[in-house]
Structure formats: C-alpha cells, structure tokens
Amino acid sequence: MSTAVQELMSSPPVTCAADTTLSEATSLMDRRQIGSVVVTERDAVVGILTERDLLRASATDVDPHAESVRRWMTADPDVLGVDDEVDAAWSGLTHHHYRHLPVVDHGDLVGVVSMRDLLTVAQIRPAGESGADVPRGLEGVVVAETSVGDVRGREGFYHYRQYSAVDLAATRSFEDVWVLLFDGALPDRERSEAFVREVAALRSLPPVLADLLPAVASVGSPLDALRTAVSLLGAESGWPAGLDIDADERRAQALRLCAVVPTILTAVHRLRHGLAPVPPRPDLPFAANYLWMLTGEEGSPAHVRAVEQYLILTIDHGFNASTFTARVIASTGADLAAAIVGAVGALSGPLHGGAPSRALAMLDDIGSPDRAEAWIRDAVMRGDRIMGFGHRVYKGDDPRSLFLRGVARGLGGDLVDFAEQVERTTVDVLADLKPGRELYTNVEFFAGVVMHTCGIPRDMFTPTFACSRTIGWAAHVMEQAANNRLIRPAARYVGPPPPQPVPAP
Ligand SMILES: CC(C)(COP(=O)(O)OP(=O)(O)OC[C@H]1O[C@@H](n2cnc3c(N)ncnc32)[C@H](O)[C@@H]1OP(=O)(O)O)[C@@H](O)C(=O)NCCC(=O)NCCS
C-alpha cells in the first residue's frame, strides 16, 4: 500500500509572518496544540519554526516579546509535494533529523507533515507492509520526544535541558545537575544545600540487601551484582507497578535508588576484594562520598572535583541503548527497579558501557611514546579498533573527551603526558590509514586516564559510569511515565511465507 503525503498531512497549516515575535509564536503553537508553525512571506514558505527552536531561544537572554521568529526559524526548509510518497517524507525527516516538513502544491503551501503523522501511517499499514525502511540499529530514527537532553553530533555538542553539559561540568556540582535532570531547573544555593542533605540521608543499604550483598558480590562482575541488587531493592522496598503510583512517589523512589547505587557498587567492590564495606558519610557530597566508600579515605579536593566532573559529563547522553531500554520498560507500567535493571543490563554490553579500561590497557601495552606509532599502525593494519577513538554520533571532537583532557591535564602526571602523546599519534595514524573516516578521541580515552589518576580501580570504571547514568535513566523513566504510551514497535517478517500446513508430529 502506498500512501501520498496529502492523505496524512495536517491541513490547513498554521502560519505566521517572519516578524512575528517569539512569544506570539509560542502562544499560537500552544493554542493550536502544534509543534511547529510555517513562516510565510507573501504566501511563500520562507521558514519553519519548531518547539526545538523556541527551546533554543529560551536558553538565551533574548526578549521573546521583542525578538522575531526570523532569526530562530529554519530558513528555506525542505518541502514535500502533495503527491510525494510517505516513504520519501519519512526518509527526509529521519535522515536530516527534521520533525516537520511543509507540504506544497504547485508552489502553494497546503499542509504540514510531522514525524507523528508518519508514525500513524506506519501503525495502520497491514502487517507485512512496514511503514518505512528503518536503518539497521535504528540509527538516527526519532522514537520519542524528550526534554531531558540531546546530542548534536555534527556540532560536537550535547546538553542537559537547555544547558551545555560541558558548561555544567565546569561550573556546577553533581547534585545541582541531578536536580536539573529531575526537576527541570537548576537549584539556587539554598535549594542545592537542602538537596545535598536530602539525598545524603538516603544512601544506606536496606538490611535485607546488606545481608545478601556478600553472596551477590561473590559471583560475577560488579555490574552483574548491581543488576541483582537493584532488583532486590525494588522487591524489598515493595515498589508497586509504575502505572499505579503518582509522580511524587516515583520521584521519591528515584531519589532513593540513585542515592543507594554508589553504596551498592562500592560495597560490592570491597567485598570482592575481601574488604569490609565502608558505610556512607552523610556529611560528604556525592563524589566525595563515592571515593570515601570506595577507598576508605577522603579523596584530595582535586581528585574529588575531577571525579565529580566526570560524573556530570556522563549523567545522560541522548537516546542511547540503555536509556531507550529503561524507557521501553517504564512504558509497560513496570516498576522503577525493573526499568533500571534492564538499563544496567544494556549498559553491561561491551558495545555500550564500553571499556575505558581497554584504552588504559592499550597505553600499558604501548609502554613508551617511541613505540606508539608502530603499535598503532600495526593494530590498524591488522584491522583492530583503537580503543577510545571513533564515535557513532560525533564525527569531530567528542566534547566529553576535550573536557576530560583538560581535567587530566589539571591533575598532571606521567600517565597524562603519555596519554596525550599517544592521542596525537593515534589521530595522525588514523587520518593516514583511514582517510575520510573522521576518527577522533572519544570519551573513553581520557575517562580511563582521569579515573585511574584519581585512584579508581579499573574494574570500577564502568560501574562509576553507572552511578551517574542511573540518574539519567531515572529522569527518562519519570518523563516517560508522565506522558506514557506503551512502546511497541513492529518487525518486518522475513521467514518462510505463512500460513503453511503444520506437519504431523
Ligand atoms: C565507537 C565505534 C563503535 C563507532 O563505530 P561506527 O560509527 O559504527 O563506525 P564504523 O564501524 O562504521 O567504522 C567506520 C570506519 O572507521 C574505522 N574505525 C572506526 N573506529 C575505529 C577505531 N577506533 N580504530 C580504527 N578504526 C576505526 C572502521 O574500521 C571503519 O573503517 P572502514 O571504512 O575501512 O571499514 C567505533 O569507532 C569503535 O569501535 N571505536 C573503538 C571502541 C571505543 O572506543 N568505544 C567507545 C565509544 S564511546
């Protein structure tokens, strides 16, 4: 079945002039319950203004009552013809990351088509006729709306709410960013201090978990233990199905869970090494308490801040596999623990949780700067991947890597100098042997260097990442629950054609 764009577009389209102010455009979109408005001049389409543009503008200090939409709209947008096939519209929207496209007929604007309209068509197509060809691995496909944050790979930029994640790491505390993700706004000083106290009081292990943790820790990896422990926490706390609780209860559960995850992981680490767990210190903020529970010693202010900045940088990162997993589980109305257990499972896969420890192992193996070039060349010629380089989304500098390189420099030390030499050599060798692939340093490379320098053992690199990312997952679970619809996609059946007679046994 082929469907033309005119069968599903919203018509007539809502329009405004280019000199309309941002606040007028906002109230127009609110009133009409739409996510975009087409900007016209003398009946010709000159731009499209979307909710995302309004969000970008609101993050600046422009006056929405004076600023016109002209500067914020996408000028000269791609347009569709009324007779275009839905598949063409789908590919335009997914490939270019558009969410809305104007539809024209002989040059006249007649409608707007949105990603949501296309998904509706995908759902009403008969089974066997997929709504569209979706790239393998869902690369670039928009599957949800979020205001938690986003990644703009081409620009080398990512953000939490309306703030650059890197700016937040440079200027705010981990707890402040936690509040931002959970509540949507940064706290003032008083609120921040109250929040630090509130979550510090939630860190202790529940007795059942404390009793069972030695057995849990004795088998598998720290992330295996975390998966089991979060499941126990949910069951022991008697958390009802997510569908049956309100936003306040969900937030209270999320605070408890995020506060206790570092206690679980550090206790698991110590038990695995024959050491007694170190109880949490309510007088220490998140990062300082983490190092305390891990080592039994107070970290130096420089180490605490470096770890805190790493944690801020990794709290969320767009619609990655574990975040998507958490949202799918939350969409079924399951409880928070179920969603986080699933997310930890996704994170534990080597293609996702990655292994900053592998980048460090490579540095060990290279051994000295003079061996770097030959080592890297040999590895690439053999077809190996150089750990800590390349990224699916970033095709230039990974902003997390740039920031962590600065953090590592601030900490100083031989390892940092060596890592920088190897980084330069690797980028050059990759440019030479893999021209045009745009391979640069990713977050893993300097993450390992920073964590190692701050005294975090290698087997705790990915668990440390999990401590911060749990907060991102929980923010997404809350967002999903607040405006839920069961996430239930379709697959294209490619097996033998049915129905065939069932052979006799
Ligand atoms: C992160 C990663 C999986 C992204 O991969 P991707 O976007 O799917 O890229 P592709 O697998 O399509 O690779 C494109 C090309 O670049 C090469 N390439 C990508 N990353 C490379 C690396 N780290 N070392 C050497 N070559 C690399 C591939 O070999 C391929 O070359 P080809 O065109 O000759 O076949 C990949 O860059 C990688 O494996 N990096 C190393 C592991 C790592 O650091 N992971 C942590 C990520 S945060």
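These numbers come from a predicted model, not from an experiment. Just follow the structure's listing: the first ligand is 1, and inside any ligand the first atom is 1.
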- Could you tell me which atoms of ligand 1, counted from 1 in the order shown, lie closer than 4.0 angstrom to a heavy atom of Arg392? 4 (C), 6 (P), 7 (O), 8 (O)
- Under 4.0 Å, heavy atoms only, figure out whether ligand 1 is touched by the backbone of Asp398, its side chain, both or neither. neither
- Message: Nearest non-hydrogen contact with atom 42 (C) of ligand 1 belongs to which option: Glu438, Lys434, Met387?
- Response: Met387
- List every atom of ligand 1 that sits less than 4.0 Å from any heavy atom of Gly388, numbering the atoms from 1 in the order shown and giving each element. 43 (C), 44 (O)
- Task: Would you check if the side chain of Asn289 reaches a backbone N or O of Arg281 as a donor-acceptor pair within less than 3.5 Å?
- Result: yes
- Query: Less than 3.5 Å between some nitrogen or oxygen of Arg437 and one of ligand 1, yes or no?
  - Reply: yes
- Query: If we only count N/O pairs under 3.5 Å, is Arg385 in contact with ligand 1?
  - Reply: yes
- If we number the atoms of ligand 1 from 1 as shown, the ones under 4.0 Å from a heavy atom of His391 are 1 (C), 4 (C), 7 (O), 37 (O), 48 (S)
- Task: Please say whether Phe389 places an N or O atom under 3.5 Å from an N or O atom belonging to ligand 1.
- Result: yes
- Under 4.0 Å from any heavy atom of Leu430, which atoms of ligand 1 are there? 24 (N), 25 (C)
- Task: Establish, from distance only, whether the side-chain atoms of His159 and Asp167 form a donor-acceptor pair under 3.5 Å.
- Result: no
- ligand 1 atoms nearer than 4.0 angstrom to some heavy atom of Lys395 are 7 (O)
- ligand 1 to Gly390, heavy atom cutoff 4.0 Å, flagged ligand atoms 1 (C), 37 (O)
- Message: I'd like to know if the side chain of Asn484 reaches the main chain of Ala481, judged simply by a donor and an acceptor atom lying under 3.5 Å from each other, with no hydrogens or angles considered.
- Response: no
- Mark up the atoms of ligand 1 that fall under 4.0 Å of a heavy atom belonging to Ile386, in ascending order. 22 (C), 23 (N), 24 (N), 25 (C), 41 (C)
- Query: Does atom CG of Asp414 have more than 12 heavy-atom neighbours from other groups under 6.0 Å away?
  - Reply: no
- Message: Under 3.5 Å, is there a donor on one side chain and an acceptor on the other for Glu479 and Ser147?
- Response: yes
- Near-ring test His317/Tyr394, centroid separation under 6.0 angstrom: yes
- Say whether, by atom type as modelled, one donor and one acceptor occur between the side chain of Arg256 and the main chain of Leu202 under 3.5 angstrom. yes
- Name the orientation class of the two ring planes belonging to Trp178 and Phe286 (parallel below 30°, tilted from 30 to 60°, perpendicular beyond 60°). perpendicular
